[in-house]
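Below: one structure, written as structure tokens.
Counting starts at 1 for both ligands and their atoms, following the listed order. In this text the structure is predicted, and so the values were computed from the model without any measurement. Heavy atoms only: backbone and side chains are in, while hydrogens, waters and symmetry mates are out.
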Amino acid sequence: MEKRLRGLEKKIFFEASEAPAVVFEMKKQVDLFREKLESVEHLSWLGLFKDLSEGTPKPSPFYHKRTLHKTRKECEHVREKFLQMSSLEISEEVRQYLKTPTFDNWYDFKKDQKTHYWWNLELLKTPFDPAGEGPSQQRQKSAAAKPQTCVSAQMYGLIWLTDLRTKMDTIDLLIMLTSAVCHDLDHKGYNNAYQINARTELALRYNDISPLENHHCAVAFEILEKPQNNIFRNLPADQYKRIREGIIKCILATDMTKHNEILNKFKSILPAFDFTNKDHKDVLMMILIKVSDISNEARPMEVAEPWLDCLLQEFYNQSDVEKLEGLPVTPFMDRDKVTKPSSQTGFIRFVLLPLFIELANLFPCLEQHIIDPVRKALDYYTEMEKALEREKQNRAQSESVSKSKETAVSAQSTSDVHTDAGGRASKQDAQ
Ligand SMILES: Nc1nc2c(ncn2[C@@H]2O[C@@H]3COP(=O)(O)O[C@H]3[C@H]2O)c(=O)[nH]1
Ligand SMILES: [Zn+2]
């Protein structure tokens, strides 16, 4: 928003040489909004919260183009929180709740004494980074920060709902859960298309091949390389190799440009799906992380919608930056082309449902948990889309009515002038 405002301001300066009062008013509002984000602790998952007493420096406007490193003090602070949480006992009630796909990431867990530390989002802001100086999660700096919790919780829920513990090895489950936690580490808030078009450091490093996903994965292993972080350090080498291979496969599968390829592979093996076949299991693992990754609409509306608003902000922000930097504009992110309902009806019809339906072919029990809520969301956004369309038509109609009224009034006054002048002229002629 700030960038957009700065762009508009530049344009106005060019055209009017002085910015009108409304621009200053908007700037004031943006400052107030930023202040709120920086000072309200429960919004800290957005990554803008500043503990002013510690005097945290402001991120540079080009923070998304470089990698941030935590200071030792920040790392110690996170480690302390991590240790506090690790020693917390989780009640049976919470355990059961976490097995359902209704996880509410907006819930203020701080109010709930039973879950106070465990779900303190501070941990989830920096998963697996209790002591090292690994790169932080940049996406937390973007408005659309998606706490890794949602995806990990969805994966955990899916494992329980489908009773995967009886069908797959524990190692496979460990791979899926770890991948879910790490799948968006240090997300830049700008997608691969942007990375490639803007020739960012990541695109250069990974030769334009899934730059973000390669980065998320590399960051995960960079963190795990430190012995104090490495939760797999006691495993034999062959198992570690299998886990590393599995995590890389799962995280790379979250690149949405691979969506059709993976889904088609899954469809082709479905009729004879075999849980003892490694290739089949590998594809299923990729499908499960993909489902978890994009399953926001499977959550209750009051949980899903605020997250979607953040995602759209991220989209609009990227397309604004693309416009400002003269890069190709990603169409589904363009604020002039997409609205919330149009974005969702398209995404649900063409991406979500086709994927979820195939998974439910293998696990029919999922129908009620992930497909029914997504269909409801589709109805909701279809209605919203229609209402917006009606509103647009009404506005266009009333604008054209008022325009034709204006034309009629000006035509009338012109003809009055003419008649008046004509009248006087004929009077003069008579005289
Ligand atoms: N329009 C829309 N896109 C989504 C939704 N959920 C996930 N996505 C997209 O799917 C992508 C998955 O990877 P990312 O998290 O990087 O970015 C995500 C979004 O671009 C959704 O509900 N609506
Ligand atoms: Zn991602």
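The side-chain heavy atoms of Ile287 and Leu355, taken from C-beta on, include a pair separated by under 4.5 Å.
The Zn ion (ligand 2) sits nearest to atom OD1 when only the N, O or S atoms of Asp184 are considered.
Contact analysis leaves Phe332 out of contact with ligand 1, as no non-hydrogen atom separation drops below 4.0 angstrom.
For Tyr194 and Glu325, the side-chain atoms include at least one donor-acceptor pair closer than 3.5 Å. With hydrogens and angles left out, the side-chain atoms of Asn317 and Tyr190 include a donor and acceptor closer than 3.5 Å. Side chains of Ser342 and Thr339: a donor-acceptor N/O pair is present below 3.5 angstrom, by distance only. Asp163 and Thr166 form a side-chain donor-acceptor contact under 3.5 Å, judged by distance and modelled atom types alone.
Using a 4.0 Å cut-off between heavy atoms, Asp184 contacts ligand 1 through its side chain alone, with no backbone atom that close. Neither the backbone nor the side chain of Leu352 has any atom closer than 4.0 Å to an atom of ligand 1 (non-hydrogen atoms only). Residue Leu311 touches ligand 1 through its side chain alone, judged by heavy-atom distances below 4.0 Å.
Residue Gln344 approaches ligand 1 through these ligand atoms, each under 4.0 Å from one of its heavy atoms: 1 (N), 2 (C), 21 (C), 22 (O), 23 (N). Below 4.0 Å from some heavy atom of His187 lie the following atoms of ligand 1, by number and element: 16 (O). Counting the atoms of ligand 1 from 1 in the order shown, those under 4.0 Å from a heavy atom of Met256 are 10 (O), 11 (C), 12 (C).
Among Ala377, Ser343, Ser295, Gly189, the residue whose heavy atom lies nearest to atom 1 (N) of ligand 1 is Ser343. Across the listed options Tyr381, Phe347, Trp307, Phe347 owns the non-hydrogen atom lying nearest to atom 4 (C) of ligand 1.
Under the rule for a ring-ring contact (aromatic ring centres under 6.0 Å, His included), His259 has no partner lying at least two apart in sequence or in another chain. Here Phe350 pairs with nothing under the ring-ring contact (aromatic ring centres under 6.0 Å, His included) rule; sequence neighbours left out.
Under the 30°/60° scheme for interplanar angles, the aromatic rings of Tyr240 and Phe221 are found to stand perpendicular.
No N or O atom of Asn296 sits closer than 3.5 Å to an N or O atom of ligand 1.
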